[in-house]
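Index from 1, following the sequence.
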Amino acid sequence: MSANGEANANGLPEALREDAALLAMGALLPEEAREIEARLDAHPGGRRLYESYRQAWSQVREDGRAEGDLDAQRVLKALRRKLAEESRTSLKPVPAPPATTAHGQAIWAGAVLALAAVAVIAAALFFSPQGPPPPGPGPHAPAAPLAHAEPLPGDEDEPLPLRAGESLTAQADGQRLLFASGVDVRLRESSRVRLRDAGLLELEAGEAAVYVPPSVKGFAVRAGKGAAQADGEARFALRLGEPGAVLTVAQGEAVFSGAEGKVGVAAGQGSSLDAEGRPGPPRAADAEQATAWVVERTQKSLALKLRLEPAGPTGVALAYASLENVGEHPVRVIGFHPLGVNYNLERLRGEAKEGSFAKLAPRKLRRRLAPDLAEELSFSRTPVTLEPGQSYELEMDFGAYREEGGPSLRIAVHYLHYESPTGGQQGWGFTLRSNEVLLR
């Protein structure tokens, strides 16, 4: 607010100031005009700036028609005079046009409106009621992108920058949209979104799974008549359904609002809008099932296999657990680390259907490039990329288990996969279980 209580119009983005000038001259289509009016009304000082532009343009047009004919010199003089009156800074003189013939007067009369429109836009952007705007990037410098659409593993496309107002339709296998703020959005195949600003994403079709980091407050996703907003760390899924949007929260809490009312939805709960846009009371929901599509491509591409070799003369019983990429695209798997929880050993005795779990203790790690070709790897939780046909292999010694369990001990390996935006375990994931082997 300025000293006299009026909103400072200089706080408006340059693009919106430019749209306000176009709106004042009636140069926008009805649909565009309604959208710009709504944006101006939502921004402090926006409506006042528009009215000042509209009045200036109206007076210039009236000055040009004072004697019934449109005269180029008079319109330009009126324009310069009006803008000089409304600003403390003078405009550079507009050079007089060359003399025209009678035949050329009609052409010049039409062109002067365009010239005056350009002058009004340029002057309106410079001369606001609060003085010139602060220095900024050059007129041709594009706005910094607010997010990037990242390709899936194996895709050759470069990350696609997205700015305010731009839209994105997800690829056939889905897509990831990563905001500069750290917000991570996964889009289901063919879903369509429009980026409104750094804190607002509009879901126009399909489904989105959203992770909001702890440092981000008030990020919202709008879908039809509903909107989900998180004030702090949260994971939730939002989809456009019938009759309205459906929200499922997997972590944290989100506020679900509609055309009428709003509710708080906690982890493990969901809510949906009715036909009138009212959110229903929170109910128990299976968040893992609701977000299973996020990792569907990865899950279908991986096969976990366990192979046991006969014990040699030394009593060593080597076993090999391998994550093989059986799909058509490269896949990233989580590397083994002694402090990680992604790889576990299950021991079952006799006819038991459930066993006890222990951490794996591999002797070696490899990325197997072909049946007779492999490269040694170190312990790391850094993702390992597997091309189709390659596998991530853990070599283990099951000799101790054989001695402890006798002939009835069965062994299986579990792999926990997380598509985590932060590298931790609070992501979208799934579990794979290998075949069982009997220690004889």
Phe430 CZ to Leu302 CG distance, which is reported to the nearest 0.5 Å: 5.0 Å
Test: Glu35 and Arg196 ion pair at under 4.0 Å: yes
For Ala208 against Val185, the heavy-atom pair lying closest together: CB-CG1, 4.1 Å
Thr385 backbone acceptor or donor facing Arg367 side chain under 3.5 Å: yes
Any donor-acceptor N/O pair, Arg347 side chain to Phe357 backbone, under 3.5 Å: no
salt_bridge(Lys300, Glu296) N-O dist < 4.0 Å: yes
Atom CD of Glu436: over 12 foreign heavy atoms under 6.0 Å: yes
Side-chain touch Thr248/Gln289, heavy atoms, less than 4.5 angstrom: no
Euclidean distance, Thr298 OG1 relative to Tyr418 OH, rounded to 0.5 Å: 15.0 Å
Flag side-chain contact, heavy atom, 4.5 Å: Val413 against Leu360: yes
Non-hydrogen atoms of Pro161 and Pro145 that approach each other most closely: CB-CB, 3.7 Å
Flag, side chain of Ser271 to backbone of Gly280, donor-acceptor distance under 3.5 Å: yes
Tyr211 side chain reached by Arg186 side chain, heavy atoms, under 4.5 Å: no
side-chain contact (heavy atoms from CB on, under 4.5 Å) between Val246 and Arg239, intermediate numbers included: CA-CA 5 Å; Val246 178; Arg239 66 178 173 87; 4.0 Å; yes
Intermediate values then yes/no, salt bridge (Lys or Arg N to Asp or Glu O under 4.0 Å), Lys364 and Glu395: CA-CA 5 Å; Lys364 295 181 181 180; Glu395 179 184 301; 5.0 Å; no
Heavy-atom side-chain proximity of Glu202 to Glu204 below 4.5 angstrom: yes
CZ-CG distance between Phe398 and Leu345, expressed to the nearest 0.5 angstrom: 5.0 Å
Heavy-atom closest pair, residues Gly270 and Ala285: N-CB, 3.7 Å
Side-chain donor-acceptor pair present, His414, Glu346, cut-off under 3.5 Å: yes
From CZ (Arg278) to CD (Glu260), nearest 0.5 Å: 5.5 Å
side-chain contact (heavy atoms from CB on, under 4.5 Å), paired with Arg192, selected from Leu203, Thr169, Leu168, Leu240: Thr169
Check: Gln390 and Val384 side chains under 4.5 Å, non-hydrogen atoms: no
Close aromatic pair by centroid cut-off 6.0 Å: Phe256 and Phe236: no
Working for side-chain contact (heavy atoms from CB on, under 4.5 Å), residues Leu177 and Leu201: CA-CA 11 Å; Leu177 185 59; Leu201 183 69; 4.1 Å; yes
Closest non-hydrogen atom pair between Thr291 and Ala237, with its separation: CG2-CB, 3.8 Å
Pair Leu323-Tyr343, side-chain contact (heavy atoms from CB on, under 4.5 Å): steps then yes or no: CA-CA 11 Å; Leu323 271 172; Tyr343 296 88; 3.6 Å; yes
N/O donor-acceptor pair under 3.5 Å between Lys225 side chain and Asp274 backbone: no
Donor-acceptor contact below 3.5 Å, side chain Tyr415 vs main chain Ile334: yes
Minimum heavy-atom distance Ala170-Arg188, with the two atoms named: CB-O, 3.4 Å
Asn342 side, atom CG; Leu432 side, atom CG - distance, nearest 0.5 Å: 11.5 Å
Neighbour count above 12 (heavy atom, 6.0 Å) for Glu375 CD: yes
Heavy atoms of other groups near Lys217 NZ, more than 12 under 6.0 Å: yes
Pairwise side-chain contact, Leu377 with Tyr392, heavy-atom cut-off 4.5 Å (strictly under): yes
Stepwise side-chain contact (heavy atoms from CB on, under 4.5 Å) test for Leu394 and Leu365: CA-CA 5 Å; Leu394 295 81; Leu365 301 175; 3.7 Å; yes
Under 3.5 Å donor-acceptor, Asn435 side chain and Lys305 backbone: no
Smallest separation among heavy atoms of Ser181 and Ser215, with atom names: O-OG, 4.4 Å
His329 backbone acceptor or donor facing Asn325 side chain under 3.5 Å: yes
More than 12 heavy atoms of other groups within 6.0 Å of Glu376 CD: yes
Straight-line distance of Glu324 CD to Leu386 CG, nearest 0.5 Å: 9.5 Å
